[in-house]
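Below is one structure, written out as C-alpha cells; the observations come after it.
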Amino acid sequence: MMYVVFLGAPGAGKGTQAAVVAEKIKLEHVASGDLFRQALEKGTELGKQVKSYMEKGMLVPDEITIRMVLDKISKMDSQTGIILDGFPRTLKQAEELDKALAGQSRGIDKAVYIKVGEKELLKRLSGRWICRNCQAPYHIIDSPPKVKGKCDACGGELYQRADDTLETARKRLEVYFTQTAPLIDYYQKTGKLLEINGEGKIDEISRRIVTALKAGRS
Ligand code: AP5
Ligand code: MG
Ligand code: ZN
C-alpha cells in the first residue's frame with residue numbers, strides 16, 4: 001500500500017500527472033476538486049454547500065472537505081494505494097489525514113510537489129477544457145483532444161471550468177500561496193517531499209515523477 005499526495009498550484013498539472021502516474025504504477029486516483037465538481041453537476045446537498053466557494057476560487061471549509069475525502073478513502077478497497085490530488089490543501093487537512101491514516105497504522109509515503117512558474121500556470125488554466133463525464137483535462141494548444149470538443153477517453157463533452165477565468169484563476173493562485181504552500185514545508189520536514197520540475201512535455205514530467213517515486217520507495 002502506498003499513499004501519495006500531489007501538491008502544486010492551480011494549473012501545475014496535478015490532475016494530468018495523477019491520471020498518468022496512477023495508470024503507470026497502478027494506484028487509484030482521488031481528486032477532491034473532481035469530487036466537488038461531480039457533486040455540483042448532480043446538484044447534491046454537498047454540491048449546493050460548496051458552489052459559492054468554488055465559484056469564487058476560495059477553499060471549501062476544512063470540515064466539509066476533510067469529511068468528504070476521508071469518507072471516500074475509507075470506502076475504497078485499493079490493494080495497491082492511492083494518489084490524492086488536491087488534498088490536503090491546508091495544514092488542518094494534512095494533520096487530519098495523518099491522524100486518520102495513523103489510526104490504520106499507515107501514513108503518507110511521499111508528497112510529490114509539482115513546481116511551475118506563475119506565468120505558465122495562468123497560460124495553462126486559460127486554455128484548459130475538461131470532460132463533463134470523466135473530468136480528464138485537455139489544453140487547446142498543448143494537449144488538444146483528437147476530436148474537437150470530445151474527450152479521447154470516454155467521448156464526453158468538453159467544457160471550460162467556471163473558475164478558470166483570469167480573475168478567478170488569480171484568486172485561486174493567491175489562496176494557494178497563502179493557505180496551501182505551507183504544506184511544502186510540512187512534508188519537507190518529515191522527509192517525504194519530492195520536488196519535481198513541472199515545466200516541459202507532459203510525458204517527460206510523468207517520467208520524472210515515476211523515477212522519483214521509485215527511487216523513494218526502495
Ligand atoms: P481543484 O480542482 O483541485 O483545482 P486546482 O488545485 O485549482 O488545480 P487545477 O485542477 O486547476 O490544476 P491541476 O494542477 O490539476 O492542473 P491540470 O492537470 O488540470 O480545486 C477546485 C476548487 O475546489 C478549489 O478552488 C476549491 O474551491 C475546491 N477544493 C478542491 N480541493 C479542496 C481542498 N482540499 N480544500 C478546500 N477546497 C478544495 O492542468 C492544467 C492545464 O494545463 C490543462 O489544460 C492541461 O492540459 C495543461 N497541462 C498540464 N500539463 C502540461 C504541460 N506539461 N505542458 C503544457 N500544458 C500542460
Ligand atoms: Mg486538477
Ligand atoms: Zn471523458
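By convention here, the first residue in the shown sequence is residue 1. Atoms within a ligand are numbered from 1 in the order they appear, just like the ligands themselves.
- By the 3.5 Å distance cut-off applied to N or O atoms, D85 is not counted among the residues near ligand 1.
- The proximity of W129 to ligand 1, defined as any non-hydrogen pair under 4.0 Å, does not occur for either the backbone or the side chain.
- Contact annotation: A169 has no heavy atom less than 4.0 Å from any atom of ligand 1.
- Distances between N or O atoms of R161 and those of ligand 1 include at least one value under 3.5 Å.
- Inter-residue side-chain proximity for Y186 and E95 is flagged as met; some heavy-atom pair is nearer than 4.5 Å.
- In this structure, of R172, E120, R124, R37, the residue bringing a heavy atom nearest to atom 11 (O) of ligand 1 is R172.
- In terms of polar-atom proximity, defined here as any N/O pair under 3.5 Å, G200 does make such a contact with ligand 1.
- With a 6.0 Å radius and a threshold of 12 heavy atoms from other residues, nucleotides or ligands, K192 has its NZ atom above the threshold.
- The one candidate from L59, D163, T180 that meets the side-chain contact (heavy atoms from CB on, under 4.5 Å) condition with R172 is D163.
- Taking all atoms of both residues into account, the shortest heavy-atom contact from G15 to P137 is C-CG, 4.4 Å.
- Between P88 and L183 there is a side-chain heavy-atom pair separated by less than 4.5 Å.
- Of the listed residues (E199, R89, K14), the one carrying the non-hydrogen atom nearest atom 14 (O) of ligand 1 is K14.
- Ligand 1 is approached by A12 to a heavy-atom distance shorter than 4.0 Å.
- The distance criterion of under 3.5 Å between nitrogen or oxygen atoms is met by G86 with respect to ligand 1.
- Considering only heavy atoms from C-beta on, V60 stays 4.5 Å or farther from M68 through its side chain.
- Here the closest non-hydrogen pair linking D152 and Y138 is N-OH, 2.8 Å.
- At a heavy-atom cutoff of 4.0 Å, ligand 1 is contacted by both the backbone and the side chain of L59.
- Under the 4.0 angstrom criterion for non-hydrogen atoms, L125 is in contact with ligand 1.
- Annotation: Q104, atom CD; neighbour count of heavy atoms from other residues, nucleotides and ligands within 6.0 Å is above 12.
- Partner of Q135 under the side-chain hydrogen bond (donor to acceptor under 3.5 Å, both in side chains) criterion, out of H29, E41, R161, R37: R37 alone.
- Contact analysis leaves A18 out of contact with ligand 1, as no non-hydrogen atom separation drops below 4.0 angstrom.
- Residue contacts with ligand 1, taken as heavy atom pairs separated by less than 4.0 Å, involve A9 solely via the backbone atoms N, CA, C and O.
- By the rule that hydrophobic residues join a cluster once side-chain heavy atoms approach within less than 4.5 Å of another member, L40 and L158 end up as members of separate clusters.
- Put simply, no part of Q17 is less than 4.0 Å from ligand 1, judged by heavy atoms.
- Atom 23 (O) of ligand 1 has as its closest protein heavy atom M54 CE, 3.4 Å.
- Contact annotation: for T16 versus ligand 1, heavy atoms closer than 4.0 Å belong to both the backbone and the side chain.
- Checked against a 3.5 angstrom limit, the closest N/O atoms of G57 and ligand 1 fall outside it.
- Below 3.5 Å of separation, one finds an N or O of G11 facing an N or O of ligand 1.
- Counting heavy atoms from C-beta on, the side chains of V112 and Q17 never come closer than 4.5 Å.
- Within 6.0 Å of the NZ atom in K115, the count of heavy atoms belonging to other residues, nucleotides or ligands does not exceed 12.
- The distance criterion of under 3.5 Å between nitrogen or oxygen atoms is not met by I205 with respect to ligand 1.
- Among R128, M68, Q93, the residue whose heavy atom lies nearest to atom 35 (N) of ligand 1 is Q93.
- Angle SG (C131) to the Zn ion (ligand 3) to SG (C134): 110°, rounded to 10°.
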